[in-house]
Amino acid sequence: MPSQRALGVAVVGTGKMGTDHVRRLQHVVSGARVTAVVDIEAERAKTLADAMDGCTAYTEPAAAMAAQDVDAVLIASPGPAHEAALLEAIGYDLPVLCEKPLTPDAASALRVLEAEQKLGHRRIQVGFMRRYDAEYINLKRLLDKAELGRALMLHHRHRNLAMPPSFTEEMLINDSVVHEMDVTRWLLDQEITAVTVYKPAPSAHAPAGMNDPQFVLLETESRALVDVEIFGHCGYGYQVHAEAVCERGTVRIGDEHGPRVSADGRWGGRITPDYVERFEDAYDRQVQAWVDATRRGEVIGPSVWDGYAAAAVCEAGVMSQREGRRVEVELIEQPAFYQ
Ligand code: ISE
């Protein structure tokens with residue numbers, strides 16, 4: 001592991017997030033540089049690589065991982081491609097930052113969990129970046145201090161301007177609500193035990209065949225109740241709110257992201273259009289923390305266990321979405337390796 005020279009990172013997947021991470025690694029964070037980009041679309045990878053000194057384009061993750069100048073891997077390909085890339089990175093014993101979801105279902109997440117345990121040391125951090133957002137960090141600190149007593153309920157709102165055409169109803173759970181599933185486990189420091197998905201009458205702007213918005217109810221080990229409004233096509237911007245209801249008070253985050261301007265007899269502000277802008281600081285902090293830890297030879301942040309637990313909750317959520325009933329979450333016992 002290089003502690004003096006910059007960490008050579010291979011970025012796997014050059015879509016919206018992968019391209020943003022390439023920019024971040026090259027121009028925002030310190031101590032790293034992009035030495036490889038990987039995409040099944042060879043031309044896309046080549047165009048990106050050609051714009052950077054000392055960067056090579058590949059179409060196969062394993063080919064990049066075998067390269068001498070690759071010290072670590074950032075996986076930002078679509079979820080279904082993660083398992084193969086993660087198992088290859090474990091084979092090369094390389095440190096990984098893997099965008100969420102770890103994998104699309106619990107069985108594949110378990111295979112990664114087993115492979116990392118067999119390797120004998122942690123190598124993988126999962127990109128649940130909300131854990132690096134300043135407002136979520138403050139909320140977590142307040143809940144940990146318990147000055148307002150125990151958290152009894154959480155209310156989450158998660159609204160997107162619109163989703164890409166390839167976005168399916170299941171992805172409302174697997175791709176979007178997965179964030180609330182992770183922050184709920186992290187904020188309350190306990191597992192989610194059951195999921196019920198409710199579907200109100202769909203918006204006239206919902207794509208054909210998709211019930212949008214949806215309302216998801218999570219139950220936890222301590223019997224906290226957690227609701228999530230997920231709205232994929234709200235049409236006016238990107239908003240993420242959370243409110244914790246505690247025994248002696250409530251805490252709310254996400255209402256204002258940016259300045260509130262008063263002028264011309266009105267007050268107001270701007271709503272960010274998407275998560276890349278809303279969570280820009282969180283992504284920056286997450287990637288910097290990963291680079292720093294990797295150069296120190298450490299692994300920090302959300303683990304494969306967190307990725308597996310979220311995948312298991314998603315699986316219950318998708319079943320509830322399909323069958324219209326409450327579904328209990330099935331989790332294996334947490335291995336000592338991840339405690
Ligand atoms: C997207 O993939 C993300 O990860 C965003 O954070 C989330 O808000 C959005 O709903 C997802 O589609």
Side-chain angles (χ1 to χ4, degrees), residues 11-21 24 74-82 97-105 125-137 154-187 197 203 205-207 210-216 218 226-242 253-255 257 271-287 290 301-302 306-307 310-311 313-314 317-318 321:
V11 176
V12 178
T14 61
K16 180 171 173 166
M17 273 326 297
T19 308
D20 196 45
H21 284 315
R24 176 169 290 109
L74 194 160
I75 299 175
S77 47
H82 288 186
L97 175 60
C98 180
E99 269 295 338
K100 48 59 53 177
L102 177 71
T103 63
D105 55 69
Q125 172 173 349
V126 184
F128 284 126
M129 84 300 178
R130 289 197 194 173
R131 297 190 188 200
Y132 290 88
D133 176 70
E135 289 188 90
Y136 274 102
I137 291 171
L154 298 177
H155 304 299
H156 296 284
R157 296 192 205 103
H158 185 167
R159 300 184 185 132
N160 296 255
L161 179 68
M163 293 304 197
S166 56
F167 205 88
T168 62
E169 182 164 313
E170 284 186 3
M171 287 168 80
L172 287 173
I173 303 295
N174 283 336
D175 205 57
S176 299
V177 181
V178 66
H179 284 291
E180 278 74 20
M181 292 164 171
D182 179 65
V183 288
T184 294
R185 296 181 58 253
W186 176 64
L187 288 171
V197 177
S203 153
H205 305 293
M210 185 189 292
N211 288 278
D212 184 36
Q214 297 192 1
F215 182 90
V216 181
L218 308 173
V226 177
D227 61 83
V228 188
E229 172 206 307
I230 175 67
F231 200 171
H233 302 79
C234 78
Y236 66 82
Y238 180 80
Q239 277 184 328
V240 169
H241 297 150
I253 61 164
D255 290 297
H257 194 75
I271 302 173
T272 50
D274 67 6
Y275 49 92
V276 170
E277 187 176 325
R278 161 68 181 85
F279 286 111
E280 183 179 3
D281 296 347
Y283 284 119
D284 290 351
R285 232 175 267 129
Q286 169 191 250
V287 176
W290 174 67
D306 295 309
V313 182
C314 282
V318 169
Q321 194 184 45

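For ligands, and for the atoms within them, numbers begin at 1 and follow the listed sequence. Both backbone and side-chain heavy atoms feed into the values below; hydrogens, waters and symmetry mates do not. As the structure is a computational prediction, the values presented were derived from the model and not from experiment.
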Sub-4.0 Å atoms of ligand 1 with respect to non-hydrogen atoms of [X]:
X: Y238; value: 5 (C), 6 (O), 7 (C), 8 (O)
X: S176; value: 9 (C), 10 (O), 11 (C), 12 (O)
X: H179; value: 3 (C), 4 (O), 5 (C), 6 (O), 7 (C)
X: F167; value: 12 (O)
X: H158; value: 7 (C), 8 (O), 9 (C), 10 (O)
X: K100; value: 1 (C), 2 (O), 3 (C), 4 (O)

Tell me which protein heavy atom sits closest to atom 9 (C) of ligand 1, plus the residue, atom name and distance to 0.1 Å. N160 OD1, 3.3 Å
Could you check atom 12 (O) of ligand 1 against the protein and tell me its nearest heavy-atom contact, residue, atom and distance included? D175 OD2, 3.0 Å
Does any N or O in the side chain of [X] come within less than 3.5 Å of the main-chain N or O of [Y], such that one atom is a donor and the other an acceptor?
X: D175; Y: V178; value: no
X: R285; Y: Y132; value: yes
X: N160; Y: M163; value: no
X: H82; Y: L102; value: yes

Which residues pass the side chain to side chain contact (heavy atoms under 4.5 Å, CB included) test with A81, not counting sequence neighbours? S77
Side chain to side chain contact (heavy atoms under 4.5 Å, CB included) with D105: which residues, sequence neighbours excluded? A107, S108, E315
Could you tell me the separation between the CZ atom of R157 and the CG atom of D255, rounded to the nearest 0.5 Å? 7.5 Å
Does [X] have a non-hydrogen atom less than 4.0 Å from ligand 1?
X: F279; result: no
X: E99; result: no
X: M17; result: no
X: M163; result: yes

Just checking, any donor-acceptor pair under 3.5 angstrom between side chains of Q286 and Q125? no
Test side chain to side chain contact (heavy atoms under 4.5 Å, CB included) applied to N211 and E169, step by step: CA-CA 7 Å; N211 288 278; E169 182 164 313; 3.3 Å; yes
Examine the proximity of ligand 1 to M171 and report which part, side chain or backbone, both or neither, has a heavy atom under 4.0 Å away. neither
